[in-house]
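Worksheet: one structure, shown below.
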Amino acid sequence: MEERYDAQRIELKWQKYWTERGIYKTDLDPSKKKFYCLEMFPYPSGEIHMGHVRNYAIGDVIARYKRMRGYNVLHPMGWDAFGLPAENAAIKHSVHPSKWTYKNIDYMKKQLNRMGLSYDWEREVTTCSPEYYKWNQWFFLKMLERGLVYRKHSYVNWCPSCATVLANEQVIDEKCWRCDSIVVQKKLEQWFFKITHYAEELLQGCGELKGWPERVVLMQKNWIGKGEGVEVDFPIVEMDEQLRIFTTRPDTLFGVTFMCIAPGHPVSEKLVKDIDKLETIKGKYGKEDEKIGLFTGHYAINPLNSVKVPVYIANFVLMEYGTGAIMSVPAHDQRDFEFAKKYDLPIKVVIVPEEQPQEEGPPTHPYPARRMAGGPSRVEGKGGGEALSLDFTEAYEDEGVLVDSGQFTGMRSDIARQQITKFIEEKGLGKAVVNYKIRDWGISRQRYWGTPIPIIYCDKCGIVPVPEKDIPVVLPEDVKLTGKGGSPLFELEEFLKVQCPKCGGNARRETDTMDTFVDSSWYFIRYCFRKGDIDLTSELRANNSESSYWMPVDQYIGGVEHAVLHLLYSRFFTRVMRDLGLLNINEPFQNLLTQGMVIKDGAKMSKSKGNVVDPNYLIDKYGADTSRLFSLFAAPPEKDLEWSDKGVEGANRFLNRLWGIVYKNHEALNAKRKTAENPIYISRLTPDALRLFRKTHQTIKKVTTDIEREYHFNTAIAGLMELVNEMTSFEPKSDEDWATFKFAIERLLLLLSPFSPHIAEELWETIGNKPSIFVQEWPDWDEDAAKEEKIELVIQINGKLRSKIMISPGTPDDELKKMALEDQKIKEIVGAKAIKKVIVIRGKLVNIVIVG
RNA sequence: GCCGGUGUGGUGGAAUUGGCAGACGCGCCGGACUCAAAAUCCGGUGGGGGCAACUCCGUGUGGGUUCGACUCCCACCACCGGCACCA
């Protein structure tokens with residue numbers, strides 16, 4: 001054994017050993033309980049960063065721990081390999097995206113292996129390979145058959161200089177993330193996945209996500225955005241048109257003083273003759289800063305009270321939500337209020353704050369001032385209270401009591417909502433409806449490096465899906481990427497020109513590719529099988545298929561930035577696949593851990609801020625074990641991790657100390673076969689040895705429960721450090737001492753092995769055990785052995801710490817009370833004062849309550 | 001604006017059910033080793049007061065509940081994150 005801890009040497013040694021023995025290869029084994037441990041796969045950008053190190057260190061600890069716990073663990077890794085950066089690199093460096101991507105994968109795979117991660121590489125997924133994206137196309141075709149894919153015109157984010165559609169997340173402050181051009185809205189014909197078909201189910205399914213962080217579930221719920229309300233038809237005066245509106249506040253229907261419709265609303269062109277003015281409004285559509293409107297000259301009738309109200313075109317009304325038309329109640333909606341002020345429209349109050357019972361004081365005002373907050377107030381005088389002051393500064397949007405609302409006057413607003421809805425339905429004026437904020441998922445991208453959409457356009461037959469037998473539609477490689485915009489596929493005749501599968505005539509292929517989020521929506525299902533060109537659907541449909549064994553994922557780990565998009569899409573895809581008879585689960589991810597960011601100098605590490613720490617440098621200098629240990633020790637996984645050079649050195653120091661202890665004793669440890677597990681030894685232990693023995697059991701307990709309880713690795717590692725501190729001050733002399741010492745070291749190495757696998761494996765061998773430590777079982781602790789012989793009893797007087805005494809655990813309450821009262825210090829303080837009460841918490845404390 | 005989260009020493013963070021606040025690490029201070037330094041090892045380290053035994057204060061702020069509150073309740077402040085004309 002070498003005196004110096006040489007991380008590089010032992011890490012290479014054991015990585016080679018593990019790979020050669022294939023100890024991470026996983027097979028289906030129905031006799032064992034399965035555990036599917038998954039980390040979000042990386043985009044092969046070129047190099048791993050600290051975020052990856054943290055993410056994958058967390059996942060690896062869980063995978064290794066579960067394996068030692070006897071689970072059959074699936075722990076795979078792959079590459080989210082399609083995407084725009086590859087195209088950018090291609091243009092900049094004149095390399096093909098494919099070459100660039102595969103080169104990056106090669107390098108990053110080496111980096112991951114240097115971290116000593118326990119992946120089964122035989123299941124590696126690379127989304128840009130035809131054998132993978134073929135199934136994107138297959139799903140597309142099946143969804144098309146089922147009406148879950150459709151094509152429509154819609155507004156999309158368009159970068160004029162790149163000449164491509166951008167995803168929402170690629171638009172930063174209304175600018176293109178790549179070239180900083182202002183992104184515009186452009187109407188384009190695009191392919192959509194009908195995720196809204198599953199909106200209700202995805203919302204309901206949130207209830208099943210017990211193992212997810214609450215905030216992520218909440219973000220999903222908010223994203224789906226269910227709104228229950230009612231649609232009401234307002235007839236337009238002197239026209240054969242109904243204006244259908246949606247509202248969640250039917251209780252305010254009597255307060256309608258005007259109507260607004262979206263500039264893109266189909267009726268808008270019928271109502272407005274001045275097209276120029278309409279275009280002006282359209283130009284300001286969706287702009288948050290100002291509300292502008294245009295009076296159409298037309299009026300509509302409120303079907304509830306037959307009041308005639310003017311109809312406006314307004315830029316703030318969205319075509320995409322509800323019906324694209326609203327009833328405006330300025331007294332009870334802030335936006336309507338602002339609009340009414342601007343265009344001098346009437347404001348009619350129909351809800352006032354509910355009367356609160358006043359406990360004291362004269363009833364100077366019928367409503368508590370606190371709740372009025374700038375809202376409407378009643379003017380004293382006119383008996384019935386119908387006269388209301390209108391000089392308030394903002395809309396009153398809270399609940400209250402209806403006034404001036406016909407037969408519903410006096411009703412509480414929440415009840416009125418139900419009653420008016422019922423009334424509308426009975427009279428046939430409209431119907432109760434549910435709206436969702438979630439929109440269908442536009443998947444068309446005018447990019448090259450993605451999955452070709454398997455569609456053919458024929459002049460005679462129209463839109464023709466590529467027949468199933470003809471997929472994959474392979475992405476051609478011999479293209480020229482100029483960066484001038486537009487898909488290079490458009491220039492490629494061999495790709496573009498195709499025979500129509502229906503009529504055999506000349507036809508043209510779709511040149512758009514799929515959003516890369518499609519790739520990542522089901523990759524975790526592909527991992528259930530070996531890599532290669534498999535017939536995925538037959539594998540999925542097979543009896544006792546590997547997917548039914550492995551799915552769902554037991555633990556998913558990744559950044560919170562995917563809280564909505566990727567996780568929502570995956571939940572959607574899982575349901576689609578279920579309905580295609582390919583899966584028998586509803587939710588793909590049982591438990592989700594969203595790890596925090598890696599922070600340096602108060603900001604997320606990023607190249608533009610120049611505060612990145614290169615994992616290569618870290619592993620070169622300290623080794624993978626130190627790097628892993630630090631990233632797990634510095635903060636609990638779900639919190640942000642503040643980078644600290646000194647902290648890394650601390651982690652390294654700990655491993656060095658451990659190495660030193662073993663080095664100092666390795667010959668003796670190797671010679672001594674026996675460990676202290678045998679109770680005969682225990683009875684003969686010296687007090688020092690007994691203390692170490694007890695600490696060892698306590699540490700097993702602590703580390704195990706810390707891992708089980710919310711993966712609190714930071715405190716688990718702190719426990720390991722305590723045990724090492726204990727060992728440092730222990731000098732074995734007798735056989736019993738050595739047995740105790742060896743026992744402590746062996747347990748420590750087992751407990752350390754998921755965190756810092758190489759050094760644990762090396763020292764395990766050094767002290768005379770056969771590799772691999774990872775075929776060992778996770779150690780158990782003995783509750784009795786972990787128990788302290790004497791524990792401190794805290795004695796408080798009136799809740800303040802006044803004395804401590806040593807007691808035996810299990811001393812009865814009466815005894816504790818007696819001991820506390822007899823304590824010298826306590827006697828002095830209590831003196832002659834009367835004792836009101838004594839509270840005894842068994843094994844912990846006694847609190848004496850005295851007067852004065 | 002709406003929703004959610006977080007506030008603990010010089011610092012990253014502990015504290016399982018309301019029961020010793022500050023585990024463990026970093027830093028700092030002192031000591032050992034050394035010609036010296038680094039590394040390593042040993043000891044100390046929330047703040048104020050006291051020679052000392054000891055004592056008072058202390059978990060963002062202000063209240064409350066309780067024998068007892070970092071923990072529960074109410075109000076507020078600060079920071080972080082998500083959504084944002086969603087009718």
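Quick note on labels: first sequence line is chain A, next is B, and so on, each numbered from 1. These values consider heavy atoms only, across backbone and side chains, with no hydrogens, waters or symmetry-generated copies.
- Side chains of R417(A) and R249(A) form a contact here, defined as non-hydrogen atoms less than 4.5 Å apart.
- Counting any heavy atom pair closer than 4.0 Å across all strands shown, R439(A) reaches a base atom.
- Interface remark: the K804(A) side chain does form a donor-acceptor pair with the rC20(B) base, using a distance-only criterion of under 3.5 Å.
- In this structure, I351(A) atom CD1 and rA87(B) atom P are separated by 15 Å, rounded to whole Å.
- Spacing between atom CD1 of I841(A) and atom C1' of rU71(B) amounts to 15 Å, rounded to whole angstrom units.
- Out of rC26(B), rG25(B), rC3(B), the shortest distance to the side chain of L218(A) is found at rC3(B).
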With ring pair (Phe, Tyr, Trp, His ring centres under 6.0 Å) as the test, would you mind laying out the steps for F630(A) and W643(A) before giving the verdict?
CA-CA 9 Å; F630(A) 168 73; W643(A) 180 261; 5.2 Å; yes
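- Contact annotation for G650(A): backbone-only contact, meaning every heavy-atom pair under 4.0 Å involves sugar-phosphate atoms and none involves a base.
- At a threshold of 4.0 angstrom between heavy atoms, the contacts of V317(A) include nucleobase atoms, whether or not backbone atoms are also involved.
- Of the P atoms belonging to rU11(B) and rC76(B), the separation is 29 Å, rounded to the nearest Å.
- When the side-chain nitrogen and oxygen atoms of K800(A) are compared with OP1 and OP2 of rC57(B), one or more of them lie within a distance under 4.0 Å.
- Here the separation of rC74(B) from rC79(B), taken at their C1' atoms, is 22 Å to the nearest Å.
- Pair assignment for rG43(B) gives rC29(B), based on Watson-Crick or G-U wobble hydrogen-bonding distances that are each under 3.5 Å.
- The residue E649(A) sits apart from the nucleic acid: no heavy atom pair falls under 4.0 Å.
- When each of R249(A) and A635(A) is assigned the nucleotide of RNA chain B bearing its nearest heavy atom, the one mapping closer to the 5' terminus is A635(A).
- Judged by atom type and distance alone, E214(A) does not reach the base of rG5(B) through any side-chain donor-acceptor pair under 3.5 Å.
- Considering only side-chain atoms of W223(A), the nucleotide from rC83(B), rG13(B), rA87(B) that sits closest is rC83(B).
- Across all strands shown, Q796(A) has heavy atoms under 4.0 Å from base atoms, whether or not it also approaches the sugar-phosphate.
- Residue R215(A) places none of its side-chain N or O atoms closer than 4.0 Å to OP1 or OP2 of rC80(B).
- Residue T247(A) is classed as a sugar-phosphate contact, given heavy-atom separations below 4.0 Å to backbone atoms only.
- Remark: aromatic rings of F633(A) and F713(A) are distant, center separation not under 6.0 Å.
- In this structure, N714(A) atom CG and rU8(B) atom P are separated by 16 Å, rounded to whole Å.
- Among the atoms of the strands shown, base atoms are found under 4.0 Å from some heavy atom of K437(A).
- Residue N847(A) is in base contact, counting any heavy-atom pair closer than 4.0 Å across all strands shown.
- Comparing rC24(B), rA87(B), rC26(B) by their closest approach to the side chain of F246(A) singles out rA87(B).
- When distances are taken from the side chain of R802(A) to each of rC56(B), rC26(B), rC67(B), the shortest belongs to rC56(B).
- Here rG9(B) is in the syn range [glycosidic angle within 90° of 0].
- Distance noted for atom P between rU16(B) and rA87(B): 41 Å (whole Å).
- Distance, N222(A) CG to rC83(B) P: 10 Å, rounded to whole Å.
- Summarising the base pairing, rG7(B) is matched to rC77(B) through a Watson-Crick or G-U wobble pair whose two defining distances lie under 3.5 Å.
- Separating the C1' atom of rC28(B) from that of rG10(B) is a span of 8 Å, rounded to the nearest Å.
- Remark: aromatic rings of W441(A) and F192(A) are distant, center separation not under 6.0 Å.
- D640(A) places its CG atom 13 Å from the C1' atom of rC79(B), with the value rounded to the nearest Å.
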Give the intermediate values and the outcome of ring pair (Phe, Tyr, Trp, His ring centres under 6.0 Å) for residues H666(A) and Y663(A).
CA-CA 5 Å; H666(A) 75 279; Y663(A) 175 76; 5.4 Å; yes
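- As rounded to whole Å, 14 Å separates atom C1' of rC83(B) from atom CD of Q220(A).
- Checked by atom type and distance alone, the side chain of E726(A) never pairs as donor or acceptor with a backbone atom of L692(A) at under 3.5 Å.
- Salt bridge annotation for D6(A)-R4(A): present, with a cationic side-chain nitrogen under 4.0 angstrom from a carboxylate oxygen.
- Nucleotides of RNA chain B nearest to V794(A) and D333(A) differ in position, and the one nearer the 5' end is that of V794(A).
- Taking only side-chain atoms of L318(A), from C-beta outward, the nucleotide of rC20(B), rA87(B), rU16(B) with the closest atom is rA87(B).
- Using a 4.0 Å heavy-atom criterion, one finds that N656(A) contacts no nucleic acid atom at all.
- At the phosphate of rA39(B), neither OP1 nor OP2 sits under 4.0 Å from any side-chain N or O atom of R657(A).
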For Y321(A) and Y436(A), run ring pair (Phe, Tyr, Trp, His ring centres under 6.0 Å): C-alpha distance rounded to whole Å, both residues' side-chain angles, the deciding distance at 0.1 Å, then the answer.
CA-CA 8 Å; Y321(A) 185 76; Y436(A) 300 91; 9.5 Å; no
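- Base pairing of rU71(B): no nucleotide in any strand meets the Watson-Crick or G-U wobble criterion (both distances under 3.5 Å).
- Rounded to a whole angstrom, the distance from the C1' atom of rU59(B) to that of rG9(B) is 10 Å.
- The nucleotide whose nearest atom lies closest to any side-chain atom of E642(A) is, among rA87(B), rU40(B), rG12(B), rG12(B).
- The same atom, C1', is picked in rG48(B) and in rG1(B); the two are 45 Å apart, to the nearest Å.
- Nucleotide rG1(B) has rC83(B) as its partner under the Watson-Crick or G-U criteria, with both atom distances under 3.5 Å.
- For K646(A), the listed nucleotide lying nearest its side chain is rC26(B); candidates were rC26(B), rC54(B), rC24(B).
- Salt-bridge formation is not detected for the pair K600(A)/E642(A): no Lys NZ or Arg NE/NH1/NH2 atom is positioned less than 4.0 Å from an Asp or Glu carboxylate oxygen.
- When distances run from any side-chain atom of T248(A) to the nucleotides rC26(B), rA23(B), rA87(B), the shortest one goes to rA87(B).
- Within 4.0 Å (heavy atoms only), T728(A) reaches sugar-phosphate atoms of the nucleic acid but no base atom.
- Distances shorter than 4.0 Å separate none of the side-chain N or O atoms of K844(A) from OP1 or OP2 on rG19(B).
- Between the P atom of rA23(B) and the CZ atom of F633(A) lies a distance of 12 Å, rounded to the nearest Å.
- Look at the C1' atom in both rG60(B) and rU6(B): the space between them is 11 Å, to the nearest Å.
- Rounding to whole angstrom units, CD1 of residue I224(A) and C1' of rC83(B) are separated by 14 Å.
- Atom name C1', nucleotides rU45(B) and rC72(B): the rounded distance is 33 Å, in whole Å.
- Comment: K817(A) does not engage D814(A) in a salt bridge, judged by the lack of any side-chain N to carboxylate O separation of less than 4.0 angstrom.
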